[in-house]
Amino acid sequence: MPCIEVSLPKINQETRGALAAGLTEAFCSSTGHPAEIFGLRFFEYDPTAAATGGKLCDSPGVSPYLHMLVYCPRLKRSIKQKVGAALTNAFTRATKQPEWLPVIHICEHPFDNIVVGGKLLTDAYEDCAKRSFYYELPKD
C-alpha cells in the first residue's frame, strides 16, 4: 500500500539494491508499516535527459535531478519529519553521494482512496476501516 517512486541518474545494481533496502527500512521504521506491503520503483535517467536550474544534468557543476514521490496513508507531522530525515539519510548512505539531496514529496491519502485486489482497503481489511485519520477535515 505505501510506496515510493525514485527518480535519479542511472546507477549500478549494487547501489540500486542498497537503495531498495535502505529506503524500505527508513520508511517502515519511521512509520511502523511492515516491509511486506511497501513498494519501491526506480526511474533512472541518462544525465542528458534531465535538467536542474535550466541546465542539463551532464553539465559541469550541475547537481543531478533527484526526486522521491512517497504515496502513503495520512501521517502525523512528526512522522513526516522522521520519514523525510530517514529517507534522505538512507539515500545518502546508499548512493555514497553526500551532495545528492533528493526533493521528497509526500502524497497522503485516506484508506478509501486505495484499491487492492479490486476492493477499497476499507472494504477489504477491517483494520483499515476502523482506523481514523490523525486530523478531521473541516465540514462544509
Side-chain angles (χ1 to χ4, degrees):
M1 149 181 76
C3 59
I4 296 179
E5 296 178 350
V6 182
S7 296
L8 73 167
K10 289 181 182 176
I11 54 176
N12 62 43
Q13 185 73 10
E14 181 182 333
T15 303
R16 198 175 303 112
L19 266 174
L23 294 176
T24 299
E25 167 60 25
F27 182 85
C28 293
S29 66
S30 297
T31 64
H33 287 292
E36 302 80 45
I37 66 168
F38 181 76
L40 180 65
R41 179 161 182 205
F42 297 102
F43 291 96
E44 296 178 62
Y45 63 85
D46 181 287
T48 62
T52 301
K55 296 180 182 177
L56 291 177
C57 291
D58 70 338
S59 302
V62 176
S63 297
Y65 172 78
L66 305 166
H67 184 244
M68 285 188 217
L69 191 52
V70 179
Y71 297 99
C72 61
R74 289 182 177 150
L75 303 170
K76 291 182 180 179
R77 185 174 192 275
S78 61
I79 300 299
K80 286 187 249 191
Q81 290 170 320
K82 287 168 76 174
V83 167
L87 291 175
T88 300
N89 291 336
F91 187 87
T92 299
R93 279 192 311 275
T95 61
K96 298 179 178 131
Q97 300 286 341
E99 69 282 357
W100 285 15
L101 299 174
V103 171
I104 302 171
H105 284 98
I106 300 174
C107 299
E108 299 171 297
H109 46 73
F111 289 109
D112 272 345
N113 285 9
I114 307 168
V115 176
V116 176
K119 292 183 177 181
L120 293 173
L121 285 181
T122 50
D123 294 337
Y125 300 99
E126 189 176 330
D127 183 46
C128 290
K130 290 180 181 177
R131 291 184 187 179
S132 63
F133 301 122
Y134 80 93
Y135 64 87
E136 296 294 323
L137 296 173
K139 297 189 189 242
D140 291 318

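Only a predicted model underlies this, so the values are computations on that prediction, with no experimental measurement involved.
- In the displayed structure, Glu14 atom CD is contacted under 6.0 Å by at most 12 heavy atoms of other residues, nucleotides or ligands.
- Distance CD1/Ile4 to CZ/Phe91: 11.0 Å, rounded to 0.5 Å.
- Just one of Lys76, Arg77, Arg74, Lys80 meets the salt bridge (Lys or Arg N to Asp or Glu O under 4.0 Å) condition when paired with Glu108; it is Lys80.
- In summary, of the residues considered (Ile114, Ile79, Ile106), a side chain to side chain contact (heavy atoms under 4.5 Å, CB included) with Cys72 occurs for Ile106 alone.
- Put simply, Leu87 and Tyr71 are part of two different groups of oily side chains (I, L, V, M, F, W, Y) that touch within less than 4.5 Å, one to the next.
- A single hydrophobic cluster is not seen to contain both Leu101 and Met68; linkage of ILVMFWY side chains at heavy-atom distances under 4.5 Å, directly or through other members, places them apart.
- Closest heavy-atom contact between Ser29 and Ala26: OG-O, 3.4 Å.
- For the atom pair SG (Cys3) and NE2 (His33), the distance works out to 11.0 Å, reported to the nearest 0.5 Å.
- Across Ala124 and Lys119, no two heavy atoms sit closer than the pair CB-CB, 4.0 Å.
- Ala20 meets the side-chain contact (heavy atoms from CB on, under 4.5 Å) test with Leu40, Phe42; sequence neighbours excluded.
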List the atom pairs, with distances to 0.1 Å, where a side-chain N or O of residues 46-56 and a protein N or O form a donor-acceptor pair under 3.5 Å, not counting sequence neighbours.
from	atom 1	to	atom 2	distance (Å)
Asp46	OD1	Thr48	N	2.8
Asp46	OD1	Thr48	OG1	2.6
Thr52	OG1	Ser63	O	3.1

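- The shortest heavy-atom contact between Pro98 and Thr92 is CA-CG2, 3.6 Å.
- Val62 and Leu66 fall into different hydrophobic clusters, defined by Ile, Leu, Val, Met, Phe, Trp and Tyr side-chain heavy atoms under 4.5 Å apart, directly or through other members.
- Among Val6, Leu69, Val70, the single residue meeting the side chain to side chain contact (heavy atoms under 4.5 Å, CB included) criterion with Ile104 is Val70.
- Atoms CZ and CG, on Phe27 and Leu23 in that order, are 11.0 Å from each other to the nearest 0.5 Å.
- The structure places CZ of Phe43 at 4.0 Å from CD of Glu5, a figure rounded to the nearest 0.5 Å.
- Looking only at side-chain heavy atoms (C-beta outward), Glu44 and Pro9 stay at 4.5 Å or farther from each other.
- Panel note: side chain Tyr45, backbone Tyr65; a donor-acceptor pair is recorded below 3.5 Å.
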